[in-house]
There are 2 protein chains.
Amino acid sequence: MAAEGSSGGNRRYDPDRKARIIEATLEVIAVQGVSGTTHRRVAEAADVPLGSMTYHFASLDDLIEQAFLKLTQEIAHHFDAAFQKAQTAEEAREAVVDVMCGWFAMTERKMTLILELYAYVARKPDIRHVMTGWMAKSREALERHFSPDVATSLDAIIEGATIHNFMYPEGIPREAARRIVAKLSS
Amino acid sequence: MAAEGSSGGNRRYDPDRKARIIEATLEVIAVQGVSGTTHRRVAEAADVPLGSMTYHFASLDDLIEQAFLKLTQEIAHHFDAAFQKAQTAEEAREAVVDVMCGWFAMTERKMTLILELYAYVARKPDIRHVMTGWMAKSREALERHFSPDVATSLDAIIEGATIHNFMYPEGIPREAARRIVAKLSS
DNA sequence: TTGCGCTATGTACGTTTGTACGCATAAGAC
DNA sequence: GTCTTATGCGTACAAACGTACATAGCGCAA
């Protein structure tokens, strides 16, 4: 498996290795949590030797940080795309409702990863830039359609609704979300 | 220190031991995260021998679960008290604003613990009852003052605003929070 | 006082961890 | 073809881990 490299080689010189390790790291974090993420488990998931871990990444924390950075960039990109598509104010409001309850990209796996990220960031102030970068992108996307004040409130309600929908059964029905967004964006 | 037991003993037979271990567990989780929480570290923080850990708790997960349960009960209790105090609708709305930005009980430490809890619960469906119990209490407190629909939306905005206020500098100013609550509870 | 039984603890054990490092090996110059 | 160089990896190691368990210490009945 995975023997179809670009240069015909069976191993050795695989420029996608680092990216694949990062991908595998997210997979391991999603299943085992940060607390269960080890060099060996990630290496197995990415199908690379253990030595590759310390070769490509300075430390385990470095690896986790890079993985989280990729996660936020991906999500921010999807988020931005969802709002770039909206043309009218009505469509923008509907996009907020989409994101609030059952976004296409907000799978259970991703939500788990986000919560792991939050907990991780809370204890490591030096990687808070990952969050602020993400936040800035989200805010920017929202402010293309709403005033700064409204954008702030929508950002918060998206955060809260997403978490509640994930944590509790039923959560917030789509109709209720629509009413909330209407109130907030008035 | 801590030698003022009820029966004059210096050690041995200390009925508060278990509670103190749970307290210490929260302390360790807040600083080191769940991933850095070990029997040994908790034992040191609680100033009890390592053997006490496996004696009082079936496993490390059992300990963490009990610690988180205590955390949610405490927070839910404070939350409930804050709303029990409110008499008029106006006071209830102001209580929501209080909780949204800079609650007395929502210290950085507690917020960190909550985020650790979220991440923990996401990977352990069998302790979701801790969350649903907390949620039920919060909802109950809110529904004493607001309709079910409004209570749901306020619950979500509290969640989101609290997290955003914790993650990002400035966050949501008090005045903005007041406007948001006014819109949502109309 | 003496003996019993339960509570509590010190210690030891087998695993797993992060990381360092010497060596194998492919790529490129000639 | 041969030699050189730098990239990538197998392996080893000390530290730390969760947990089991034999036994030490105390309250209490007699």
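Side chains included, hydrogens not; waters and symmetry mates left out as well; all remaining heavy atoms used. Just so you know, these numbers come straight off a predicted model, no measurement behind them. Just so it is clear: chains get the letters A, B, ... in the order the sequence lines come, proteins before strands, and each one is counted from 1.
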Centre-to-centre under 6.0 Å for A/Phe68 and A/Tyr120, is that the case here? yes
Parallel, tilted or perpendicular: which fits the ring planes of A/Tyr168 and A/His164, with parallel below 30° and perpendicular above 60°? perpendicular
Taking B/Arg178 first and then B/Glu175, would you say they form a salt bridge - that is, a charged N and a carboxylate O separated by under 4.0 Å? yes
Rounded interatomic separation in angstrom, taking NE2 from A/His56 and C1' from D/dA6: 14 Å
Using atom CZ of B/Arg41 as one end and atom C1' of D/dC17 as the other, report the distance to the nearest whole Å. 10 Å
Return the value, rounded to whole Å, for the distance between atom CZ of B/Phe57 and atom P of C/dT9. 13 Å
Please list all pairs meeting salt bridge (Lys or Arg N to Asp or Glu O under 4.0 Å) that have one or both residues in residues 71-85 of chain A, counting only residues at least two apart or in different chains. A/Lys70-A/Glu74, A/Asp80-A/Arg144
If I take atom CD in residue B/Glu44 and atom P in nucleotide C/dG10, what distance separates them, rounded to the nearest angstrom? 14 Å
Salt bridge flag under 4.0 Å for residues B/Glu90 and B/Arg93: yes
Could you state the atom-to-atom distance from CD1 of B/Ile64 to P of D/dC17 in whole Å? 13 Å
Rounded to the nearest Å, what distance is computed from the OH atom of residue B/Tyr55 to the C1' atom of nucleotide C/dG10? 15 Å
Please enumerate all protein N or O atoms sitting under 3.5 Å from an N or O of nucleotides 18-22 of chain D, with distances to 0.1 Å.
| from | atom 1 | to | atom 2 | distance (Å) |
| --- | --- | --- | --- | --- |
| D/dG18 | OP2 | B/His39 | N | 3.1 |
| D/dG18 | N7 | B/Arg40 | NH1 | 2.8 |
| D/dG18 | O6 | B/Arg40 | NH2 | 2.9 |
| D/dT19 | OP2 | B/Leu60 | N | 3.2 |

Where do A/Ala122 and A/Arg128 come nearest, in terms of heavy atoms and distance? O-NH2, 4.2 Å
